[in-house]
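Report on the structure given below.
Each chain gets a letter, A, B and so on, in the order its sequence line appears, and its residues count up from 1. Only a predicted model underlies this, so the values are computations on that prediction, with no experimental measurement involved. Because only heavy atoms are used, hydrogens play no part in the values below, and waters and symmetry mates are left out as well, while side chains stay in.
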Amino acid sequence: MNLLEISKLSLRIGAFEALKGVDLSVNVGEIRALVGESGSGKSMTALSIMKLLPTGARTEGQIRFDGKDLLATSEADMCRLRGNEIGMVFQEPMTALNPVKTIGEQVAEGIRLHTGATRAIAEEQTRAILDRVGLPSAKFPLSRYPHELSGGQRQRVVIAIACALKPRLLIADEPTTALDVVLQAQILELLQSLVDEERMGLLLISHDLAVVADMAHSITVLRHGEVMDNGETAQILTEQTHPYTRQLARASMHVPERSPEHPHHAANNGPLLAIRDLSRTYPGRRIGLFGRDPEFTAVDNVSFDIKPGQSTALVGRSGCGKSTLARMVLALDRPTSGQIHFAGRRIDELTQNDLRPVRQNMQVVFQDPYGSFNPRHKAERLVSEPLFLIDRELSAKEKRDRVDRALERVGIPRADKDKYSHEFSGGQRQRLAIARAIITEPKLIVADEPVSALDVSIRAQILDLFADLNDRLGIAYLFITHDLAVARAITDTVMVMSEGKIVEHGKTDEILLHPRSEAGRALVKASPDLHKALARRIGEQG
Amino acid sequence: MLNYISKRVLIGILTLLAASIVVFIMLEIVPGDPARLMLGMNATEDAVQALQQQMGLDQPLLTRYFSWIGGLLVGDFGKSYTYSVPVLNLITERIAVSLPLALISLFLSTIIAIPVGLFSAARRGTLADSGTMGIAQIGVAIPNFWFALLLVYVFAVTLRLVPAGGFPGWNAGLWAGFKSLILPSIALGLPQAAILARVTRSALLDVLGEDYIRTARAKGLSRRKVLYRHALRNALIPILTILGLQFAFLLAGTIIIENVFYLPGLGRLVFQAITQRDLIVVEGVVMLLVATVILVNLLVDLSYALVDPRLRGRS
Amino acid sequence: MSAPTEWQANISKAFSNRSFVIGLIITVLLLLMAIVSLFWTPYAVGSFDILGKLKGSSSAHWLGTDHFGRDILSMIMVGSRNSIAVALVSVLIGAGIGVPLGLWAAARGGIIDEALMRFNDLVFAFPALLSAVMITAVFGPGAINAIIAIGIFNIPVFARVARGSALSLWPREYILAARASGKGIARITVEHILPNMMNILVVQGTIQFSLGILAEAGLSYVGLGSQPPMPSWGRMLFEAQTMIGLAPHMALYPGLAIVITVLGLNLLGDGLRDVLDPKMRRERS
């Protein structure tokens with residue numbers, strides 16, 4: 001008998017059918033991945049098992065845990081199961097812990113609740129489990145508060161809470177999505193070892209096949225609340241019999257076609273962007289009335305060039321200074337020292353007004369396709385905003401023509417000009433953001449994690465669009481990303497950044513294959529890679 | 001932690017200083033010469049001038065400000081123009097009515113509102129919840145002085161359970177004094193309880209939507225336990241904020257309520273002093289009330305740090 | 001035009017919100033009453049009728065008469081004008097000065113922001129009623145001074161709300177995009193920040209309006225609001241106080257007028273907040 005056996009689970013929230021007859025099982029000691037794009041119902045499946053669904057949700061079907069039908073179990077009995085027999089780890093470590101309670105209290109709370117242990121014994125167990133997840137009490141005393149820990153450390157605390165009583169089933173809902181790749185690898189490794197030790201069943205939820213390919217014994221693929229594909233990991237990934245699985249796998253390995261010879265490189269009259277000895281420090285926090293923490297150096301003496309039409313990736317872990325660097329290039333922040341030259345002109349000391357012609361040639365695309373538009377403006381106005389930079393007054397017709405051309409280039413029908421941003425899907429919004437960026441026909445686009453909030457299949461399409469614009473219009477890119485797959489897909493050169501410094505700079509293929517710096521090696525090693533995972537699986541099968 | 005406290009204290013002192021300047025200037029531009037008012041219309045010019053000199057009114061503005069503020073620092077509030085007694089004596093006499101009134105009202109408001117807020121939040125969306133909040137919604141709309149009139153009509157005029165007004169003084173016995181504060185406290189406290197109950201409920205509901213509540217539920221805590229152990233403490237910041245504001249409001253509210261019940265408190269004192277142009281009394285009372293409000297706000301700020309470890313900084 | 005706009009969606013959402021509908025009906029009735037009183041009242045509010053004084057409800061005087069024999073309904077109708085005018089103008093003063101201050105502080109930050117916060121601390125240090133008493137003590141009682149007194153207290157309220165929501169808007173990516181398009185602080189504030197906080201300002205305006213009605217009533221009750229012969233709800237209650245044993249209806253009706261008005265405005269504000277607040281309350285068990 002399976003540890004968890006879900007059959008024909010359906011879920012309605014109001015009029016919305018979140019799940020339609022889902023079948024899923026997890027065995028003792030099995031790692032089952034539940035993979036799907038946003039809105040596929042993965043999280044709802046997890047919350048159904050925990051019976052922590054939003055009010056007004058109605059379920060049908062069966063969820064058997066250890067033979068017992070959870071849907072028919074009383075709330076009081078569920079309270080006894082949760083945290084004791086079934087543990088859960090959530091996506092967002094920054095908000096998953098109560099800010100006003102110490103980590104010790106929060107871990108011990110579940111232990112005392114279920115075992116009735118005394119304070120002292122519960123504390124002893126808390127210390128042991130925190131030590132086990134990599135937070136030894138010598139360095140991380142129980143009296144620490146969540147805000148004193150980093151995101152990765154907080155996720156370890158959440159895992160400690162979930163695993164404190166050695167549950168038989170662990171549910172991890174996108175446990176690493178909010179973390180950078182290096183932390184992701186560490187957390188996945190921790191989960192793997194915990195599960196192996198205690199022979200827990202693990203239901204690992206993810207939007208990305210590559211993340212789970214290494215770890216999961218079996219995979220269930222979910223789409224629009226329905227199970228598409230289901231089976232052993234190796235079999236599912238190598239045979240890819242189901243078209244949707246194939247689509248997901250391809251999208252996650254997608255590399256856009258790019259013409260090998262960039263005509264724009266030929267015209268080599270100096271770099272488009274030249275950064276020299278650039279630094280940015282922030283004053284430390286105030287202590288008392290006069291004292292201050294030491295200042296913090298976000299960007300430390302950085303120099304590099306980008307040639308016209310060249311596509312460059314700036315990769316690094318979160319907090320390495322890459323976004324600060326991007327903001328300085330965009331003149332949204334001023335450097336503490338150093339110089340920025342754009343098209344042969346020094347720009348870091350220009351006034352806002354003198355920056356206008358520069359900004360015309362340098363635009364930006366942000367990560368969040370939801371936050372990057374004023375919700376009150378229609379697409380036409382959103383896309384035409386940078387036209388403000390063009391000094392001469394454009395006629396209404398000229399403006400319209402420019403908007404039409406930009407929309408056409410990014411593949412959005414003209415008729416959609418009158419829509420508000422919330423009427424577009426996430427992928428379409430990112431196309432809009434790109435249309436806004438290219439409307440002034442810039443020479444450089446700075447893109448800060450432009451595809452990391454998108455589902456894999458959409459991500460592949462947007463990467464194609466970036467590649468295509470680079471080919472056709474000769475726009476140079478500075479791509480800020482923590483995802484090496486993005487760098488591999490569409491850049492010519494890669495810079496690896498670590499603790500404010502650029503530690504490695506070279507051709508993309510060379511660096512991704514043979515990183516020399518420690519930071520580069522760590523990133524490459526930690527990056528989920530479906531190719532490698534597949535190769536390994538096939539090797540295992542012989 | 002020390003950083004946070006020292007900043008709040010410094011701000012409190014600066015605010016108090018700024019407030020003293022505002023009060024002084026405002027009352028400086030009040031029409032009417034206190035010396036002439038004190039001596040009456042028939043006084044000779046010489047007598048008025050002599051009194052002005054005696055009161056220091058002929059000194060330049062800055063000198064008078066500094067001697068006033070210097071006096072306040074050592075507890076010398078000056079001498080009342082009309083009663084010719086130290087202002088401090090008048091204030092201590094009257095504060096014996098106003099302070100108990102404000103404190104009892106605050107106490108009433110708190111012990112009613114927080115349980116009601118918890119009750120409602122725990123039963124979100126039920127009939128009990130909407131019923132309680134409906135009553136609270138009406139309570140918020142009731143002006144306290146009108147509520148006071150209704151209470152007087154029902155409990156004093158019709159049922160004759162308590163006095164309709166007046167204050168026998170604490171010398172007449174603790175119970176007699178307390179009895180005459182019952183209706184005023186209820187009139188002041190209940191509408192505030194309605195506000196506080198609504199704030200408590202909505203603060204709790206906001207917190208109940210947070211991710212860490214789900215984490216706590218996943219630990220196996222029941223809804224009730226989550227409410228008391230995790231939500232309440234996180235909801236305390238908005239609740240404390242409102243409590244601080246309410247204390248200021250209650251202090252000022254005594255100005256009106258004391259008029260309804262003919263209570264000889266600070267509010268009545270200010271009123272009489274204004275009509276009699278006894279500016280030094282007005283200045284003294286206003287500064288005292290402002291200082292109290294600033295002190296209470298400071299206490300609220302400091303209690304934030306007790307509730308929320310993030311404000312304490314790294315130790 | 002294309003798919004339903006945000007506006008149309010909000011309107012249909014609003015009319016299915018019970019608080020909003022009840023609040024709107026009460027508010028509209030209140031405004032109608034004030035407008036009608038400009039042209040017509042059952043009796044002239046200046047007409048004394050000593051013989052018919054202190055009468056309870058009757059078909060001639062629906063809400064009875066006061067100690068001078070004046071018709072209470074007529075006085076409530078005329079008094080509503082006073083309440084609305086004082087509350088409305090003081091909200092406009094508060095928003096008109098407070099919102100630009102808050103926007104400015106949020107946009108510039110640093111010393112200007114700090115100065116605004118300290119100004120707020122200063123105003124908040126004076127309990128609202130106390131500052132009203134002081135202002136009317138200096139400038140004399142009257143509707144105008146009541147407006148100023150209440151308006152001054154509204155300034156930091158609006159400044160704080162505007163500052164808070166502007167601070168939460170500035171880091172948004174569409175603001176960064178606008179900055180990358182070379183737009184200056186003033187232009188971004190007008191084009192992007194202000195329109196996106198209108199919802200919150202409207203809700204706050206409703207709340208301050210209802211608080212203004214309460215404050216005006218309190219001031220007139222202690223004799224610091226509008227002066228006779230202009231009727232006001234607060235003074236009607238003051239006059240009722242001495243008659244409470246004889247004619248409780250004199251205290252009842254003006255008080256109910258205040259309660260219903262404030263209740264209506266609060267319901268309207270609650271309803272608006274539910275409909276307009278972009279921060280959707282997530283529902284979880």
Region of B/L236 in contact with chain A, defined by heavy-atom distances below 4.5 Å
neither
Would you indicate whether [X], at its atom [atom1], is surrounded by more than 12 heavy atoms from other residues, nucleotides or ligands within a distance under 6.0 Å?
X      : atom1 : answer
B/L127 : CG    : no
A/Y282 : OH    : yes
A/R58  : CZ    : no

List the atom of [X], the atom of [Y], and the distance in Å for their closest heavy-atom pair.
X      : Y      : result
A/V100 : B/D308 : CG1-CA, 4.2 Å
A/H114 : B/G220 : NE2-CA, 4.0 Å
A/M88  : B/A218 : CB-CB, 4.3 Å

Decide, yes or no, whether a salt bridge links B/R217 with A/E75 under the criterion of side-chain N to carboxylate O below 4.0 Å.
yes
Heavy-atom cut-off 4.5 Å, strictly under: side chain, backbone, both or neither for A/I86 against chain B?
backbone
Checking B/H230 against A/Q106 for the side-chain hydrogen bond (donor to acceptor under 3.5 Å, both in side chains) test, could you report, in this order, the C-alpha distance in whole Å, the side-chain angles of both residues, the deciding distance, and whether it holds?
CA-CA 10 Å; B/H230 289 266; A/Q106 296 190 56; 5.3 Å; no
Measuring from atom [atom1] of [X] to atom [atom2] of [Y], what distance do you get when rounded to the nearest 0.5 angstrom?
X      : Y      : atom1 : atom2 : value
A/C79  : B/R224 : SG    : CZ    : 12.0 Å
B/K219 : A/N84  : NZ    : CG    : 13.5 Å
A/M78  : B/S222 : CE    : OG    : 13.5 Å
A/M94  : B/D211 : CE    : CG    : 12.0 Å
A/T95  : B/E210 : OG1   : CD    : 7.5 Å
A/F90  : B/R214 : CZ    : CZ    : 4.5 Å

Based on non-hydrogen pairs under 4.5 Å, which of [options] is most in contact with chain B?
options               : value
A/G110, A/P99, A/A76  : A/P99
A/I111, A/I171, A/N98 : A/N98
A/Q91, A/K101, A/R80  : A/K101

Using modelled atom types and a 3.5 Å cut-off, is there a donor and acceptor pairing between side-chain atoms of B/T215 and backbone atoms of A/A96?
yes
